[in-house]
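First the structure, in the form of structure tokens, and then the observations on it.
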Amino acid sequence: MGTIAEIHVYESTEMNSEDKRVEGKDKGERANGVLSLRSLNKIFPVYALGFERRSGEGDVGDDGGDPIWRVIKEEAKLEADKEPILNDFLYSSILSHDCLEHALAFVLANRLQNATLLGTLLMDIFCNVMSDKDIQRAVRLDVQAFKDRDPACLSFCWVLLYLKGYHSIQSYRVAHAFWNQGRKLLAMTIQSRMSEVFGVDIHPAARIGEEILLDHATGVVIGETAVIGNRVSLMQGVTLGGTGKEVGDRHPKVGDGALIGAGATILGNIKIGEGAMVAAGSLVLKDVPPHSVVAGIPAKVIGYAGKQDPSLTMKQDAPIEFYEQDTITSAESKSTGK
């Protein structure tokens, strides 16, 4: 009926070398917050069938060479130990898979499937696209960005399981790959489902870099010819749009390390410089210099963000000079009656 996981009883009784090495140490490991393979088998009486590793995929799924995936699995084991009611959910979403790509494909397929777009089909096409090395790199850098910059995100596995901003940007990466292959109808199908499910509208032709954070993500709109650099953070309600019915290159270009505040609207083929910060609620209609802070309707330069990228610090308050000048301007306006 289109469901992804095929559930059956886990009957394996063989112990591999790792099981033997940790046998007898389960209690000690649990005391130290680590679950062994043996204790994992006890926790999960059922096994959700995941995707098998395809030959030639390389070592990206190997725990030893993939520290983020290793941490995600360890976090999932600990969460399962603390919250047994979620055992099957955590096992089918994370622990049954042999690499981050397959787990992500499973999560996305479950979120995006509907009555006519089957989850099994979606997982298959997501896994195929995610065999690309550039996408594999971006998937991991994005996970790191969410964990590092969102103080409400307490673990890496939270990013994979729950954060729709992360789900949106990875769905976009799949749709973008299909768009570049000339499979535009399939790309738009994924984009449409992403918009319906996550409330995020990213055109598959847009070009977006790595280490991207879509914080909260609801209401984000990114147009067809928009370009976003690396290490960029966008808050909820951000629009990177055009100014009318013109065709061609008509959307904003956001430089590396920029931070775009909640509800900011940036229109037209303009440039947001590297390391710039656009304050929440601003309307930007012209180029923003690198490392500057702009605010207002229409936006104007009110200060400078300094050398460190604001997208990494997530510091969104205006410089004190702005408030001082705003107070002086307000007082002068009252005294002159303007």
Side-chain angles (χ1 to χ4, degrees), residues 4-5 7 10 12 14-53 57-111 123 126-127 130 135-167 170 211 213:
I4 295 175
I7 306 299
Y10 184 82
S12 175
E14 292 187 359
M15 292 179 60
N16 59 27
S17 59
E18 179 67 12
D19 287 316
K20 293 177 181 178
R21 186 176 65 83
V22 300
E23 184 178 19
K25 298 181 180 179
D26 286 355
K27 292 182 180 179
E29 289 178 334
R30 285 174 178 270
N32 292 325
V34 177
L35 293 177
S36 70
L37 294 176
R38 184 176 177 82
S39 62
L40 181 62
N41 288 344
K42 293 177 181 178
I43 290 174
F44 299 108
V46 296
Y47 172 73
L49 183 64
F51 249 61
E52 296 182 358
R53 175 181 300 283
E57 281 186 351
D59 297 326
V60 71
D62 180 10
D63 288 359
D66 191 352
I68 286 183
W69 175 234
R70 184 172 66 250
V71 169
I72 288 174
K73 290 209 299 184
E74 287 300 321
E75 290 173 345
K77 293 173 189 176
L78 293 173
E79 293 295 340
D81 201 28
K82 292 188 295 184
E83 194 62 80
I85 198 171
L86 294 178
N87 282 354
D88 290 348
F89 167 68
L90 291 168
Y91 196 57
S92 61
S93 299
I94 295 177
L95 296 170
S96 66
H97 303 285
D98 59 0
C99 65
L100 177 56
E101 288 72 29
H102 292 169
L104 176 58
F106 181 92
V107 171
L108 293 180
N110 271 288
R111 296 298 303 274
M123 186 171 178
F126 288 164
C127 284
M130 290 179 189
I135 292 180
Q136 291 176 353
R137 171 185 166 87
V139 161
R140 287 160 175 77
L141 291 174
D142 292 343
V143 169
Q144 187 75 54
F146 275 80
K147 178 62 173 62
D148 288 348
R149 300 179 212 165
D150 184 357
C153 181
L154 301 184
S155 69
F156 289 98
C157 77
W158 279 26
V159 180
L160 176 61
L161 293 174
Y162 305 123
L163 299 192
K164 69 175 183 179
Y166 181 75
H167 297 160
Q170 306 320 319
E211 298 178 78
L213 170 66

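All values derive from a computational prediction rather than experimental measurement. Counting from 1, the numbers follow the sequence of the chain as shown.
- Atom-to-atom distance recorded for Leu108:CG and Gln170:CD is 7.5 Å, nearest 0.5 angstrom.
- Separating the CZ atom in Phe89 from the CD atom in Glu83 is a distance of 11.5 Å, to the nearest 0.5 Å.
- To the nearest 0.5 Å, the span separating CG on Leu95 from NZ on Lys73 amounts to 7.5 Å.
- Residues Ser96 and Ser92 approach most closely at OG-O, 3.4 Å, considering heavy atoms.
- Using modelled atom types, no side-chain atom of Asn110 and backbone atom of Val107 make a donor-acceptor pair closer than 3.5 Å.
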Begin from the C-alpha positions of Glu75 and Leu161 and carry the test side chain to side chain contact (heavy atoms under 4.5 Å, CB included) through to its verdict.
-> CA-CA 12 Å; Glu75 290 173 345; Leu161 293 174; over 6 Å; no
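- Atoms CG and CD1, on Leu100 and Ile72 in that order, are 5.0 Å from each other to the nearest 0.5 Å.
- You'll find the side chain of Glu79 stays beyond 4.5 Å of the side chain of Leu86, heavy atoms only.
- Classification of the Phe106-His97 ring pair by plane angle, with boundaries at 30° and 60°, yields tilted.
- His167 places a side-chain N or O within 3.5 Å of a backbone atom of Leu160 that can act as its donor or acceptor partner.
- For the residue pair Ile94 and Trp69, the shortest heavy atom distance occurs at O-CH2, 3.5 Å.
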Give the intermediate values and the outcome of side chain to side chain contact (heavy atoms under 4.5 Å, CB included) for residues Asp66 and Cys99.
-> CA-CA 9 Å; Asp66 191 352; Cys99 65; 5.7 Å; no
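- Smallest separation of non-hydrogen atoms from Phe146 and Gly165: CZ-C, 3.5 Å.
- The main-chain N or O of Val139 is found under 3.5 Å from a side-chain atom of Tyr166 such that the two form a donor-acceptor pair.
- The backbone N or O of Leu90 sits nowhere less than 3.5 Å from a side-chain atom of Ser93 that would complete a donor-acceptor pair.
- With rounding to the nearest 0.5 Å, the separation of CG in Asp142 from CG in Leu163 is 12.0 Å.
- Atom-to-atom distance recorded for Leu104:CG and Cys127:SG is 9.0 Å, nearest 0.5 angstrom.
- By the 4.0 Å N-to-carboxylate-O rule, Arg140 lies close enough to Glu101 to be salt-bridged with it.
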